[in-house]
Amino acid sequence: MLEVYRNQDKEWIERCKKGDPRAQRYIYDRYAPRMFAVCCRYLSADMEAEDALVTAFTKVFKHIGQYRFEGSFEGWIRRIVVNEALSMIRKNKSVMLLQIETHPDEQDLTFPDSQLEADELIELIAALPTGYRTVFNLYAIEGYAHQEIAEQLGINENTSKSQLSRARKMLRDLLEARERQLKKIIGEDEK
Amino acid sequence: MKNNFDRFFYERLHKSTRIPPDRIWQRIEQNNMDKKRSVKFWRMAAILVVGITSGIFAFRMLNPVQENKKLASNSVINKQEKNLIKSQSATRIEEKKSTPVVVMRPRRSVKPQMVQPIQPLIEEVVITEDQRLITGTESDFTVAEVSGSLITSEENESAVEPMVIIYSLPADGSATNKSVKATAVDRFLNFARDVKSGDVALVDFKTLRQRARFNSGKRKVNPNILF
């Protein structure tokens, strides 16, 4: 089934390389929802996320000829989208990355027993300061190492670690607060 | 290494989706159209430039004969011009060499004759400077020849044989204009001294000139009498 999908994608990608508008539309419909979620995770404002998505897809269609079918197409698009989101953050100069000496990175936070949906989790991440949010997204969701994050954002590796630990702590607090709020609502409903 | 907290978020968010609004696709389409237009424009411009350049190049490559012909014709013309100039200058030099002394042709009625002594019948003396030769070219001026001629009047043609005494300066190429003039002036002074002493008779110059014009029937001055 996965192979069929890949072959279909390859066909559309080939057509897209030739500049077929229908193929472009197909690629957009297939990958835009996931990429828009990525943009929303990095950029708190919806308008900024939209701008990043427009620019990213314009670049995708412009440079699709450079894709050699090495690695997944979704990963290739995702990299473009993330880079675009990061460049937008840099443009807005909203990244406030503070050096924190202690970084309790190793301590394992308790697993949140949460029933929150993805949209609600995205809202929680959006509530984080830009620096925390960026590092957390890059490390926890995208899977980058601290060294890569430091290179991408032009910061110290320790700064990246400290930002991550702060982001985690803050997220946990937000998550617990939301859970309490939900339980309260549910308890009121049961009564 | 991700901890449980990170894994929780990763699992929930990595594949998460959010429907983008329709206006995003419209904006992307518009951007694509603009880029396509600009690409078309620059492609056309590049094609035009390349086409024109290659056309000129091909034209030159395909028609080397014409170019050569043009060059050859130009060179031939140049050579011809050079040869012509050379031949002209050579002929001039030859002419000058062959005619070191300019002898003034007398009119038909006047029969020039070289006479030994100066006789009292000689009525008029005219010394001329051959300007035709002088004004040929500027370079020719250095080899200008000055000649003086003694022309008898027509009145006495019937009575006495007219005679012409030719005063001439040798057309020496090395002689400068000044030296030529100087010698001419010297000779003229000598001649004037002779006239003054009575060895040579002098007739009214104006009358002679008028008569010469009248006889020729033209307003033009007689070429034999140059002033």
Side-chain angles (χ1 to χ4, degrees), chain A residues 19 21 24-25 27-29 31-41 46 49-62 74 78 105-122 124-125 136-137 139-143 145 164 167-169 171-172 175, chain B residues 1-68 70-71:
Chain A
Q24 286 180 348
R25 178 72 204 203
I27 298 286
Y28 173 80
D29 285 342
Y31 295 102
R34 274 186 204 173
M35 298 309 139
F36 189 54
V38 172
C39 290
C40 289
R41 268 195 286 118
D46 280 358
E50 283 181 21
D51 288 346
L53 192 70
V54 168
T55 317
F57 264 95
T58 310
K59 281 184 180 176
V60 164
F61 295 138
K62 190 183 174 187
E74 190 187 335
R78 185 185 279 264
D105 200 14
E106 278 68 37
Q107 68 178 29
D108 195 4
L109 294 168
T110 50
F111 179 71
D113 185 19
S114 173
Q115 300 300 316
L116 291 174
E117 293 297 318
D119 283 347
E120 288 170 310
L121 291 176
I122 287 172
L124 289 181
I125 289 172
F136 182 79
N137 271 319
Y139 184 87
I141 317 292
E142 309 301 338
L164 179 68
R168 278 173 181 159
K169 195 170 180 289
L171 261 180
R172 195 185 61 179
L175 203 61
Chain B
M1 183 185 282
K2 285 175 187 159
N3 57 27
N4 289 333
F5 188 83
D6 292 348
R7 203 170 292 121
F8 167 77
F9 276 93
Y10 176 80
E11 284 168 1
R12 296 282 174 99
L13 295 177
H14 190 253
K15 299 282 180 184
S16 67
T17 56
R18 190 177 260 199
I19 310 285
D22 290 338
R23 60 175 176 272
I24 291 180
W25 173 246
Q26 287 167 5
R27 284 173 66 189
I28 291 166
E29 258 190 331
Q30 202 177 341
N31 281 355
N32 283 341
M33 289 294 286
D34 290 346
K35 292 212 169 170
K36 273 181 187 173
R37 273 183 210 142
S38 68
V39 166
K40 271 185 185 174
F41 173 77
W42 286 112
R43 198 173 285 170
M44 284 293 288
I47 287 165
L48 270 174
V49 169
V50 169
I52 290 165
T53 315
S54 58
I56 291 165
F57 186 70
F59 182 76
R60 282 190 179 174
M61 290 290 284
L62 290 170
N63 300 313
V65 183
Q66 286 185 1
E67 290 281 320
N68 291 337
K70 277 182 185 176
L71 288 169

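By convention in this document, chain letters (A, B, ...) are assigned in the order of the sequence lines, proteins followed by strands, and residues within each chain are numbered from 1. Scope of the values below: all heavy atoms of this structure, side chains included, with no hydrogens, waters or symmetry mates.
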Taking side chain as everything from C-beta outward and backbone as N, CA, C, O, which of these in [X] sits under 4.5 Å from a heavy atom of chain B? Side chain, backbone, both or neither.
| X | answer |
| --- | --- |
| A:Asp51 | both |
| A:Arg78 | side chain |
| A:Asp119 | both |
| A:Ile125 | side chain |

* Determine, stepwise, if the pair A:Tyr28 / B:Ile24 fulfils side chain to side chain contact (heavy atoms under 4.5 Å, CB included). => CA-CA 10 Å; A:Tyr28 173 80; B:Ile24 291 180; 3.4 Å; yes
* Around B:Asp22, counting heavy atoms of other residues, nucleotides and ligands shown, do more than 12 lie under 6.0 Å from its CG? ->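 No.
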How long is the span from the [atom1] atom in [X] to the [atom2] atom in [Y], to the nearest 0.5 Å?
| X | Y | atom1 | atom2 | answer |
| --- | --- | --- | --- | --- |
| A:Ile141 | B:Arg12 | CD1 | CZ | 11.5 Å |
| B:Lys35 | A:Lys59 | NZ | NZ | 8.0 Å |
| B:Arg23 | A:Glu50 | CZ | CD | 4.0 Å |
| A:Gln24 | B:Ile28 | CD | CD1 | 9.5 Å |

* Quick one: which of A:Lys62, A:Met35, A:Glu117, A:Arg25 has the most heavy-atom pairs under 4.5 Å with chain B, could you say? =>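 Of the options given, most contacts go to A:Arg25.
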* To do: Flag the one option from A:Cys39, A:Cys40, A:Ala49, A:Ala145 with the top tally of heavy-atom pairs under 4.5 Å to chain B.
  =>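 The residue among A:Cys39, A:Cys40, A:Ala49, A:Ala145 with the greatest pair count is A:Cys40.
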* Does the pair B:Asp6 and A:Phe136 meet the rule for a side chain to side chain contact (heavy atoms under 4.5 Å, CB included), with working shown? -> CA-CA 9 Å; B:Asp6 292 348; A:Phe136 182 79; 3.6 Å; yes
* Mind checking whether A:Leu171 and B:Phe5 have side chains closer than 4.5 Å, heavy atoms only? ->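 A side-chain contact under 4.5 Å exists here.
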* Heavy atoms, side chains only, cut-off 4.5 Å: are B:Arg18 and A:Ile122 in contact? ->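 When only atoms from C-beta onward are counted, A:Ile122 and B:Arg18 do touch, with a gap below 4.5 Å.
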* To do: Could you check B:Phe8 against A:Leu121 for side chain to side chain contact (heavy atoms under 4.5 Å, CB included), going step by step and ending with a plain yes or no?
  => CA-CA 10 Å; B:Phe8 167 77; A:Leu121 291 176; 4.0 Å; yes
* So, for B:Pro20 and A:Pro33, which heavy atoms are closest and what is the spacing to 0.1 Å? ->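 Reported closest heavy-atom pair: CD-CA, 4.0 Å.
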